[in-house]
Protein chains: 2
Amino acid sequence: MPAAKAATAAPHARARQREATRERIVAAAIDTFAEKGFRGASTREIARRAGTNQGLITYHFRSKDALWRAAVDTIFGWLESEWSASPSGLDPRETAREAIRSWVRFAAAHPELLRFMVNEGRESDERMRWLVETHIRPRYADLASRTNEIAGLPEALLPHFFYALVGAGSLIFSVAPECRRLTGLDPTREEAIETHAEFVARLILP
Amino acid sequence: MPAAKAATAAPHARARQREATRERIVAAAIDTFAEKGFRGASTREIARRAGTNQGLITYHFRSKDALWRAAVDTIFGWLESEWSASPSGLDPRETAREAIRSWVRFAAAHPELLRFMVNEGRESDERMRWLVETHIRPRYADLASRTNEIAGLPEALLPHFFYALVGAGSLIFSVAPECRRLTGLDPTREEAIETHAEFVARLILP
DNA sequence: AAGGATTTTATTCGGTTGACAAGCGAAAAT
DNA sequence: ATTTTCGCTTGTCAACCGAATAAAATCCTT
């Protein structure tokens, strides 16, 4: 039976279609939540951006809250996979610098991350608690072990180091339209990203 | 005529009352806009926090948009007066460090500022344009002239320096509840503010 | 071709939004 | 003392919100 079982382009076309739709909705949710915050984003607008309708969101995700969690899971999933790929290098100082550059490049590729942090970190509600315990604390622990390995950063200064690094590395990308208007520099350009990565790396490790 | 013209406690009691009410509303608006963004903040909640009613906001300010502008004017008015009080010091390097510490202290006292920037800087709408041209550009020009005076920062790096400084100095205060939960450090404490000011100052000018 | 999962369309519900208009009452002007 | 002014309160409005539902349409699977 040479040409048997034709017709169906793929055995799991259904599951793939389902997954593709979910991903489209999540992608639209990430953009919209990052732009307007949880309250400001409506499921109707998310559906419109995803090219579907509001009813489908209720079908795939139980609620707006669950959709938000799926969006955050996706973003921090990207961060986790990027961060775990550490190029255990030669000079420990240069390795640390490269880690910082890597973080800045990630912040440039995903400016939504800082927006989510600023949007949710200011209110002490259930969403913030979930975000911290599920995603931020593991990253914070990673950073703590790394700084111990390399430079001797006093334990008490770790919070200051963490937020200074995150803020310095990602703000310019999170307010890209403003930066363009204010300075004329387009921070989404590859050249600007590398310049900022080098600038922040040299700032922290001269 | 010793006790003449009594009765009226003050000649302009009416105007004073009006101004006091406006200020109460603006203060409530700053808190609410900073917490929930422009869309997430409702005029009813702002009125409730100000101890009045929603109709009064429409009376004093024509629209929610005008109220937002009044709130931003107030915040950046604080920044301007703080920034202009530069203590032309002795060692130019130490003077610059003190300027950075001063900026961090301001960011701690007014964490709303970064939230306004992140909230509005991400969308290229009319509010962002107004914010940049009216308030941010003058501060950016100030910074440019100061860095020229002191250290020889290449012109092309000024945008990177600006956003790195703003981000490093203020993020920790803008996500204070998150910081408390994540690290146990309360960034609103006087001691933590001074530590962060010194940390950022030494980061930029070792 | 039948069957079932995905998707669309439509509707309902309780609630919130910003803007507006009419009227109240005390201060101010005459 | 009467009238006018004006800061303020109250109630109303259409538009939109999120969530839930139901039924029909579409498409993959078998």
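All values derive from a computational prediction rather than experimental measurement. All heavy atoms count here, side chains included; hydrogens, waters and symmetry mates do not. Here is how names work: the chains are called A, B, and so on, in the same order as the sequence lines, proteins then strands, and each is numbered from 1.
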So, using side chain to side chain donor-acceptor pair (under 3.5 Å) as the criterion, who are the partners of A:Arg202 when residues are at least two apart?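 Applying side chain to side chain donor-acceptor pair (under 3.5 Å) to A:Arg202 gives A:Glu198.
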
For B:Glu194, all residues meeting side chain to side chain donor-acceptor pair (under 3.5 Å), sequence neighbours excluded: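 By the side chain to side chain donor-acceptor pair (under 3.5 Å) rule, B:Glu194 matches B:Arg105.
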
Select base, sugar-phosphate, or nothing to describe what A:Ala41 touches, counting heavy atoms under 4.0 Å on all strands.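 Sugar-phosphate contact only - A:Ala41 comes under 4.0 Å of backbone atoms but never of a base.
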
Please list all pairs passing the salt bridge (Lys or Arg N to Asp or Glu O under 4.0 Å) test where one or both residues lie in residues 50-60 of chain A, with sequence neighbours left out.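 Those involving residues 50-60 of chain A do not exist here.
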
Contacts of type salt bridge (charged side-chain N to carboxylate O under 4.0 Å, His left out), residue [X], not counting sequence neighbours:
{"X": "A:Glu191", "answer": "A:Arg189"}
{"X": "A:Arg97", "answer": "A:Glu94"}
{"X": "A:Glu45", "answer": "A:Lys36, A:Arg48, A:Arg49"}
{"X": "B:Arg39", "answer": "B:Glu123"}

Could you state the [atom1]-[atom2] distance from [X] to [N], rounded to the nearest angstrom?
{"X": "A:Lys36", "N": "D:dC16", "atom1": "NZ", "atom2": "P", "answer": "13 Å"}
{"X": "B:Ile46", "N": "C:dT16", "atom1": "CD1", "atom2": "P", "answer": "16 Å"}
{"X": "B:Ile25", "N": "C:dG18", "atom1": "CD1", "atom2": "C1'", "answer": "15 Å"}
{"X": "A:Phe38", "N": "C:dT16", "atom1": "CZ", "atom2": "P", "answer": "16 Å"}
{"X": "A:Glu45", "N": "D:dA15", "atom1": "CD", "atom2": "C1'", "answer": "16 Å"}
{"X": "A:Phe61", "N": "D:dA19", "atom1": "CZ", "atom2": "C1'", "answer": "16 Å"}

Check whether any side-chain nitrogen or oxygen of B:Ser42 sits under 4.0 Å from OP1 or OP2 of C:dT16, and answer yes or no.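 Answer no for this pair, as no side-chain N or O of B:Ser42 is under 4.0 Å from OP1 or OP2.
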
Taking only the side-chain nitrogens and oxygens of B:Thr58, find out if one of them lies under 4.0 Å from OP1 or OP2 of C:dA19.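 So the side-chain polar atoms of B:Thr58 never come under 4.0 Å of the phosphate oxygens OP1 or OP2 of C:dA19.
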
In terms of side-chain geometry, is the basic nitrogen of B:Glu98 or B:Arg101 positioned less than 4.0 Å from the acidic oxygen of its partner?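 A salt bridge is present here (some side-chain N lies under 4.0 Å from a carboxylate O).
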
Taking Watson-Crick (N1-N3 plus N6-O4 or O6-N4) and G-U wobble (N1-O2, O6-N3), each under 3.5 Å, can you produce the dot-bracket string of DNA chain D? Use [ ] for crossing pairs and | for inter-strand ones. ||||||||||||||||||||||||||||||

Assign a letter to each nucleotide of nucleotides 3-12 of chain D from its 5' end: B, base within under 4.0 Å of a protein heavy atom; S, sugar-phosphate only; -, no contact. --BBBBBB-B

Would A:Arg115 count as a cation-pi partner of A:Phe33, with NZ or CZ less than 6.0 Å from the six-membered ring centre and within 45° of the ring normal?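 No, A:Arg115 does not sit over the ring of A:Phe33.
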
Review item, side-chain donor-acceptor pairs of residues 67-75 of chain B, under 3.5 Å, at least two apart:
| from | atom 1 | to | atom 2 | distance (Å) |
| --- | --- | --- | --- | --- |
| B:Arg69 | NH1 | B:Asp65 | OD2 | 2.1 |
| B:Asp73 | OD1 | B:His135 | NE2 | 2.6 |
| B:Thr74 | OG1 | B:Ala70 | O | 3.0 |

Looking at DNA chain D, which of residues 63-73 of chain A put a heavy atom within less than 4.0 Å of it?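 Listed by number, they are A:Lys64.
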
Anything under 3.5 Å between a donor and an acceptor, one on a side chain of residues 173-180 of chain A, the other on a protein residue two or more places apart or in another chain? List them.
| from | atom 1 | to | atom 2 | distance (Å) |
| --- | --- | --- | --- | --- |
| A:Ser174 | OG | A:Pro111 | O | 3.1 |
| A:Ser174 | OG | A:Ser170 | O | 3.3 |
| A:Glu178 | OE2 | B:Tyr163 | OH | 2.9 |
| A:Arg180 | NH1 | A:Asp186 | OD1 | 2.8 |

